[in-house]
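My questions all concern the structure below.
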Amino acid sequence: MHRSFTLLVMCAALSVSGCGRGKTDDRDARLRQAGPNPSFAALMRVASADAGAAKFGQCAACHTIEDGGMDRGGPNLFGVFKKPFATNSASFGYTAALSKAGGVWDEKTLNAWIAGPSALVPGTSMQFAGVSDPLDRADIIAYLRRQRPAK
Ligand code: HEC
């Protein structure tokens, strides 16, 4: 009794990882659904924009994502999906490195960027170590894809 209570408290405390995460976003069930050694496409099929919204917390120190949101350390990201690199905010001072890299933000480029910005674009000013978990990246991409104007 005492022991399970302790476990419950631990789960509540670890809301972003371990048991807490499994409960809040069905991570384990989604990974099972994706199958063994899932490809990126398989992970995108089970990706959750709602889970990604929570995981966007690690981006929010530098990025707003609401329509009309201001730039912080990084540009506002509303509607960034399918935009050419370094164009989402008219007011942000992008690096020459990102402006000249030439590319469009789709699932594939975002996956590489979120995994390690400076590996995709050497010289970028996005000082971010990267998200190592592939399902976490897929969830964040699903969220970015959803945060854009309705057609
Ligand atoms: C420490 C601050 C910081 C954090 C944390 C951060 N970014 Fe950035 N981000 C930047 C900066 C600065 C740029 C502009 C890079 C440049 O001009 O080279 C940028 C650029 C971007 C762009 C390109 C926008 C465009 O218009 O081309 C995307 C997409 C992006 N970030 C996504 C993310 C996501 C998703 C996360 C979280 C997983 C994240 N960033 C975390 C600072 C940050």
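Counting starts at 1 for both ligands and their atoms, in listed order.
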Salt-bridge present (Asp136, Arg27; N to O < 4.0 Å): yes
Flag, side chain of Asn88 to backbone of Asn76, donor-acceptor distance under 3.5 Å: yes
Close-contact set for ligand 1 against Tyr94 heavy atoms, below 4.0 Å: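 Those qualifying, in numeric order: 17 (O), 25 (C), 26 (O), 27 (O).
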Test item: Ile65 and Leu144 side chains (from C-beta on) under 4.5 Å apart, heavy atoms: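 They are in contact (side-chain heavy atoms under 4.5 Å apart), so the answer is yes.
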Atoms in ligand 1 with a heavy atom of Gln58 nearer than 4.0 Å: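 Near Gln58, the atoms of ligand 1 are 5 (C).
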Euclidean distance, Thr109 OG1 relative to Lys82 NZ, rounded to 0.5 Å: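 Interatomic distance, Lys82 NZ to Thr109 OG1, rounded to 0.5 Å: 8.5 Å.
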Numbered atoms and elements of ligand 1 in range of Phe85, under 4.0 angstrom, heavy atoms: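 Contacts of ligand 1 toward Phe85, numbered from 1: 27 (O).
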Closest to atom 17 (O) of ligand 1 (judged by heavy-atom distance), picking from Val131, Val80, Ile114, Thr95: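 The option holding the nearest heavy atom is Thr95.
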Ligand 1 atoms in contact with Thr87 (distance to a heavy atom under 4.0 Å):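 Near Thr87, meaning under 4.0 Å from one of its heavy atoms, ligand 1 has 26 (O).
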For Phe85, ring-ring contact (aromatic ring centres under 6.0 Å, His included) partners two or more places apart: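 ring-ring contact (aromatic ring centres under 6.0 Å, His included) check on Phe85 returns Trp105.
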Residue Leu110 vicinity, atoms of ligand 1 by number, heavy atom under 4.0 Å: 29 (C)
Atom pair CD/CZ of Glu107 and Arg145 - distance to nearest 0.5 Å: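 Interatomic distance, Glu107 CD to Arg145 CZ, rounded to 0.5 Å: 5.0 Å.
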Protein contact to atom 14 (C) of ligand 1 [nearest heavy atom, distance to 0.1 Å]: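 Ranking protein heavy atoms by distance from atom 14 (C) of ligand 1, first comes Phe92 CE2, 3.6 Å.
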Total protein N, O or S atoms, atom 8 (Fe) of ligand 1, separation less than 2.8 Å: 2
Any Ile140 side-chain heavy atom under 4.5 Å of Gln58 side chain: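 Answer yes - side chains close enough.
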Contacting atoms of ligand 1, where contact means under 4.0 angstrom from a heavy atom of Gly73: 12 (C)
Close approach, Val121 and ligand 1, non-hydrogen under 4.0 angstrom: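 Per 4.0 Å heavy-atom rule, Val121 does not contact ligand 1.
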Within-cut-off N or O pair, Asn88 and ligand 1, under 3.5 Å: yes
Arg146 and Asp50, any side-chain heavy atoms less than 4.5 Å apart: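 Asp50 reaches Arg146 side chain to side chain.
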Ligand 1 contact by Ala61, heavy-atom criterion under 4.0 angstrom: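 In this structure, Ala61 fails to qualify as a contact of ligand 1 - no heavy atom is under 4.0 Å.
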Pairwise side-chain contact, Trp113 with Leu98, heavy-atom cut-off 4.5 Å (strictly under):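 They are in side-chain contact.
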Atom pair CE/NE2 of Met126 and His63 - distance to nearest 0.5 Å: 5.0 Å
Backbone or side-chain N or O of Ser89 under 3.5 Å from ligand 1 N or O: no
Distance, nearest 0.5 Å, that separates CZ of Arg30 from CG of Asp139: 4.0 Å
Residue pair Asp25 / Ser48, side-chain donor-acceptor N/O under 3.5 Å: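 Side-chain D/A pair, Asp25 to Ser48: absent.
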Atom pair CG (Leu77) and CZ (Arg72), whose distance is rounded to the nearest 0.5 Å: 10.5 Å
Ligand-side contact atoms (ligand 1) for residue partner Gln127, heavy atom cut-off under 4.0 Å: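 Reading through ligand 1 atom by atom, the close ones are 1 (C).
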Distance filter under 4.0 Å to Thr124 heavy atoms, resulting ligand 1 atoms: 15 (C), 16 (C), 18 (O)
